[in-house]
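One structure below.
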Amino acid sequence: MQINTLPKKIPVFPLSNFIIFPKTTVPLNIFEPRYIDMINDSMKSDKLIGMIQPLSLNNIGQIDPGLHQVGCLGKIISFKETENGHYLIELKGIVRFEIINEIKSKKKYRECEIDFKRFNHDLNDNKEQLKFSDLELIFKNFKALFEKRGFIINWKELEKQSLDEIINALAMASPFSLEEKQVLLEAKNLNIRKKQISEILSTYTYDVFNNTTLQ
């Protein structure tokens, strides 16, 4: 996909504590009527939607919460309708974007004018190379964090993937806060993201792990 073929206006799906990176895929269960409408419209056109986090968890329940400026454009690569009318989709990250402004319309879901200039490099096919030795401490701390929070990760299978896929997958699945995940999403490249993951993990202690209840 070329930068000049990307849309200047996209539907956006605000979802707390959820991020998707370019070149990664995630499953989503769509059940709210306005997002059912959004998926229906997207499937009739380019199959593209923007995933973005609301500014604060305090906005949950608001019809139109404030949004972070940076999100990721995703393409629907699989679609299935359930017996109860829900949609099960698989979304593949394409390129990150910045919101220029929100567009007022009569649609139930939100649309934004967006710009991709800061993140053109997301469209490159080159995979960023890192050494597993660089990740040993991160993996050790990630394992401790995930196990304390009751997350089950197949680490052997994960290690078969490329390192950029591993870091992005762990960042997406991690029980980090909304703000911490947003920092990782906005990191310019993989080396910066790896460093930020290490810094975030260093702020957690086993006491915090033990005293936090997984929601």
Side-chain angles (χ1 to χ4, degrees), residues 1-120 122-123 168-169 171-182 184-186 215:
M1 188 172 287
Q2 301 297 319
I3 195 74
N4 58 1
T5 66
L6 294 173
K8 293 182 172 62
K9 177 182 77 171
I10 60 170
V12 293
F13 189 171
L15 197 56
S16 293
N17 273 51
F18 180 90
I19 53 174
I20 180 173
F21 291 103
K23 303 181 180 72
T24 62
T25 58
V26 292
L28 286 172
N29 178 15
I30 311 296
F31 54 88
E32 282 192 55
R34 57 178 167 168
Y35 296 126
I36 293 285
D37 284 356
M38 181 183 72
I39 299 302
N40 283 334
D41 290 346
S42 179
M43 291 297 292
K44 294 173 185 174
S45 57
D46 52 19
K47 300 183 180 179
L48 298 173
I49 62 174
M51 298 303 302
I52 197 157
Q53 292 200 117
L55 281 172
S56 170
L57 288 173
N58 295 329
N59 285 324
I60 291 177
Q62 293 183 14
I63 295 176
D64 293 321
L67 303 174
H68 276 279
Q69 191 176 6
V70 175
C72 186
L73 183 70
K75 183 169 186 176
I76 300 169
I77 58 173
S78 73
F79 171 91
K80 181 181 178 181
E81 185 172 2
T82 65
E83 291 182 358
N84 58 1
H86 294 186
Y87 290 165
L88 301 177
I89 67 170
E90 190 170 4
L91 200 65
K92 181 176 182 178
I94 304 296
V95 57
R96 288 170 291 172
F97 62 82
E98 285 185 291
I99 289 179
I100 299 175
N101 58 63
E102 186 162 353
I103 297 166
K104 299 299 181 183
S105 74
K106 294 182 180 179
K107 294 178 180 177
K108 295 178 182 178
Y109 55 86
R110 302 168 74 176
E111 293 181 297
C112 291
E113 182 184 356
I114 43 88
D115 186 88
F116 299 101
K117 288 179 185 175
R118 270 184 63 196
F119 304 107
N120 285 353
D122 287 347
L123 296 171
N168 290 342
M172 288 193 297
S174 71
F176 291 161
S177 71
L178 181 155
E179 290 78 13
E180 288 165 340
K181 287 191 175 185
Q182 189 66 28
L184 297 179
L185 178 66
E186 296 183 21
Q215 300 297 318

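From a predicted model like this one, the values you see are computed outputs, not experimental measurements.
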Quick one: does any side-chain atom of Gln53 pair with a main-chain N or O of Phe18 as donor and acceptor, under 3.5 Å? yes
Which heavy atom in Pro54 sits nearest to a heavy atom in Pro14, and how many Å separate them? CD-C, 4.3 Å
Test log, rule side chain to side chain contact (heavy atoms under 4.5 Å, CB included), inputs Glu102 and Val12: CA-CA 10 Å; Glu102 186 162 353; Val12 293; 5.8 Å; no
Please report the interatomic distance NZ(Lys104) to CZ(Arg110), rounded to the nearest 0.5 Å. 7.5 Å
Heavy atoms only: give me the nearest Lys9-Glu111 pair and the separation to one decimal. CE-OE2, 3.9 Å
Is the backbone N or O of Thr25 less than 3.5 Å from a side-chain atom of Glu90, with the two atoms forming a donor-acceptor pair by type? no
In terms of heavy-atom contacts, does CZ of Phe31 have more than 12 from other residues, nucleotides or ligands at under 6.0 Å? no
Pairwise distance CG(Asp115) to CG(Asn101) - rounded to 0.5 angstrom: 11.0 Å
Looking at Ile19 and Ala171, what are the two nearest heavy atoms and their distance? CD1-O, 4.1 Å
Any donor-acceptor pair under 3.5 Å linking the side chain of Asn17 with the backbone of Phe176? yes
Close side-chain approach of Lys23 and Asn168, heavy atoms under 4.5 Å: no
Using side-chain heavy atoms (C-beta onward) and a distance below 4.5 Å, is Leu184 in contact with Phe21? yes
Are any of the side-chain heavy atoms of Ile100 and Ile114 separated by less than 4.5 Å? no
Please confirm whether the backbone N or O of Met38 pairs with a side-chain atom of Lys107, one donor and one acceptor, at under 3.5 Å? no
Flag, side chain of Lys47 to backbone of Lys75, donor-acceptor distance under 3.5 Å: no
State yes or no: are the ring centers of Tyr35 and Tyr109 separated by less than 6.0 Å? no
How far does CD1 of Ile52 sit from OG of Ser16, to the nearest 0.5 angstrom? 11.5 Å
Are Phe116 and Leu123 side-chain neighbours, meaning at least one heavy-atom pair lies under 4.5 Å? no
Are the side chains of Asp41 and Pro11 in contact, using a 4.5 Å heavy-atom criterion? no
Check: Arg96 side chain, Leu185 main-chain N or O, donor-acceptor pair, under 3.5 Å: yes
Looking only at heavy atoms, which two atoms of Gly93 and Ile20 are closest? And how far apart? N-CD1, 3.4 Å
Are any non-hydrogen side-chain atoms of Ile30 and Ile36 less than 4.5 angstrom apart? yes
Can a donor-acceptor pair be found, under 3.5 Å and without considering hydrogens, that links the side chain of Asn29 to the backbone of Leu88? no
When you compare the side chain of Leu6 with that of Phe97, does any pair of heavy atoms fall below 4.5 Å? no
Given the rule in the side chain to side chain contact (heavy atoms under 4.5 Å, CB included) test, do Met51 and Val26 qualify, once you have shown the distances and angles that lead to the verdict? CA-CA 11 Å; Met51 298 303 302; Val26 292; over 6 Å; no
Hey, does the side chain of Gln182 reach the backbone of Val70 with a donor-acceptor pair shorter than 3.5 angstrom? yes
CZ (Phe13) and CG (Leu15) are apart, to the nearest 0.5 Å, by 5.0 Å
Determine the minimum heavy-atom distance between Ile103 and Cys112, stating which atoms define it. CD1-C, 3.9 Å
Residue pair Ile49 / Ser42: nearest heavy atoms and the distance that separates them: CG2-OG, 3.8 Å
Atom pair OG (Ser78) and NZ (Lys92), whose distance is rounded to the nearest 0.5 Å: 12.0 Å
Once you round to the nearest 0.5 Å, how far does CG of Leu48 lie from CG of Leu73? 5.0 Å
